[in-house]
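Here's the structure, in structure tokens; my notes come after.
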Amino acid sequence: MDTNTVKSGEQGDRQSRILEAALGLLSRHGIAGVNMRAVAREAGVALGLVNYYYEDKMSLIRAALHRIDQHDLMLVAPDPELPPEEQLRKALRRVAGPDLLTTQYLSLRLHLWALAQAHEDFASINAAAFERYLEGLATLIGNATPELSTEACRERAADIVVVQNGMWLTALLGVDKESIRRSIARTEEIAFAA
């Protein structure tokens with residue numbers, strides 16, 4: 001392995017740790033708890049390294065929002081190994097994965113939604129991310145139910161997102177597993193309705 005590959009991997013790991021630290025602070029303390037020094041401490045790196053990768057707090061928050069966007073796109077990523085109907089069912093079930101129904105993750109989502117209301121730049125990042133997620137979900141619906149129009153697929157995707165967001169919000173209240181199961185079943189009913 002050449003030296004440049006090792007250095008590139010280390011840089012990616014450090015930068016990833018910095019973003020994860022920012023997301024952790026954001027989930028626990030909101031935007032007020034995110035500053036360069038706190039992120040450096042949380043990530044276990046020097047302050048100068050945080051400043052090397054991110055010009056300021058705003059650029060760090062932007063990068064964190066983009067990280068969540070990438071994660072959300074993975075939720076609706078097609079799996080070519082599966083038939084279209086199962087790809088859609090798998091995507092609908094992913095949003096209720098144990099890694100997403102945690103207080104830390106759900107708190108992070110609430111803070112990110114609040115950020116989108118508080119700052120124009122964050123709002124545009126959030127809107128673009130939402131659009132990509134909606135489009136990915138609508139595509140999965142269209143592949144599974146090709147008789148539907150593009151508009152009908154998009155409407156169903158939007159209705160499903162309402163149920164998914166409601167499930168996430170109520171999961172913070174400690175909703176039981178049976179309620180989560182019913183929410184997933186409801187998204188499947190919406191997706192596959194005749």
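Just so you know, these numbers use all the heavy atoms, side chains as well, and skip hydrogens, waters and symmetry mates.
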Exercise: do R182 and S179 side chains pair donor with acceptor under 3.5 Å = yes
Got a donor-acceptor contact below 3.5 angstrom from the S27 side chain to the G24 backbone?
-> yes
Are L92 and L140 side-chain neighbours, meaning at least one heavy-atom pair lies under 4.5 Å?
-> no
Would E42 and R28 pass as an ion pair if we require N to O under 4.0 Å?
-> yes
Determine, for R154 against E151, whether the closest basic-nitrogen to carboxylate-oxygen distance falls under 4.0 angstrom.
-> no
Taking a hydrophobic cluster as the set of Ile, Leu, Val, Met, Phe, Trp and Tyr residues connected by side-chain heavy atoms closer than 4.5 Å, whether directly or through intermediates, do L73 and Y105 fall within one such cluster?
-> no
Mark yes when over 12 heavy atoms from residues, nucleotides or ligands other than E147 sit less than 6.0 Å from its CD; otherwise mark no.
-> yes
Kindly determine whether R156 and L137 satisfy side chain to side chain contact (heavy atoms under 4.5 Å, CB included), including the steps that lead there.
-> CA-CA 9 Å; R156 288 184 184 195; L137 186 54; over 6 Å; no
Side-chain heavy atoms of L169 within contact of W113, under 4.5 Å | yes
Between L134 and A157 the two heavy atoms that sit nearest each other are CD1-C, 3.6 Å
Separation of Y54 OH from M36 CE (nearest 0.5 Å) | 9.0 Å
Give the C-alpha distance, both sets of side-chain angles, the deciding distance and a yes or no for side chain to side chain contact (heavy atoms under 4.5 Å, CB included) between I31 and F122.
-> CA-CA 12 Å; I31 194 164; F122 300 151; 4.0 Å; yes
Between E131 and E135, is any pair of side-chain heavy atoms under 4.5 Å apart?
-> yes
What about F130 and L110, same hydrophobic cluster or not, with Ile/Leu/Val/Met/Phe/Trp/Tyr joined at side-chain heavy-atom distances under 4.5 Å?
-> yes
I125: which of L65, I61, D69 passes side chain to side chain contact (heavy atoms under 4.5 Å, CB included) | L65
Closest non-hydrogen atom pair between V163 and R186, with its separation | CG2-CG, 4.3 Å
Reported CG-to-OG1 distance for the pair L108 and T103, which is rounded to 0.5 angstrom | 12.5 Å
Using a strict 4.0 Å threshold on nitrogen-to-oxygen distance, state whether R93 and E86 make a salt bridge.
-> yes
Working to the nearest 0.5 Å, report the span between CG of N126 and CD of Q117.
-> 8.0 Å
Spatial distance of atom OG (S183) from atom CD1 (I180) [nearest 0.5 Å] = 5.5 Å
Closest heavy-atom pair and its distance - N143, P146 | O-CD, 3.9 Å
Given the rule in the side chain to side chain contact (heavy atoms under 4.5 Å, CB included) test, do L88 and T145 qualify, once you have shown the distances and angles that lead to the verdict?
-> CA-CA 10 Å; L88 177 55; T145 54; 5.8 Å; no
Side chains of M58 and H119: does their closest heavy-atom pair fall under 4.5 Å?
-> yes
Roughly how far apart are I18 CD1 and Y52 OH, rounded to 0.5 Å?
-> 10.5 Å
Nearest-0.5 Å distance, CD1 of residue I160 to CD1 of residue I141 = 4.0 Å
Are a donor atom and an acceptor atom from the side chains of S16 and D13 found within less than 3.5 Å of each other?
-> no
For A138 and C153, which heavy atoms make the closest approach, and how far apart are they?
-> O-CB, 3.6 Å
Considering residues, nucleotides and ligands other than E55, do more than 12 of their heavy atoms fall under 6.0 Å from its CD?
-> no
Within the side chain of W168, is there an N or O that forms a donor-acceptor pair under 3.5 Å with the backbone of L100?
-> no
Mind listing the closest non-hydrogen atom pair of V95 and L101 along with its distance?
-> O-CD2, 4.3 Å
Option from R67, R94, R132, R109 for which salt bridge (charged side-chain N to carboxylate O under 4.0 Å, His left out) with D72 holds | R109
Is L75 linked to L82 within one hydrophobic cluster, defined over Ile, Leu, Val, Met, Phe, Trp and Tyr using a side-chain heavy-atom separation of less than 4.5 Å?
-> no
Salt-bridged, E20 to R17, with N to O below 4.0 Å?
-> no
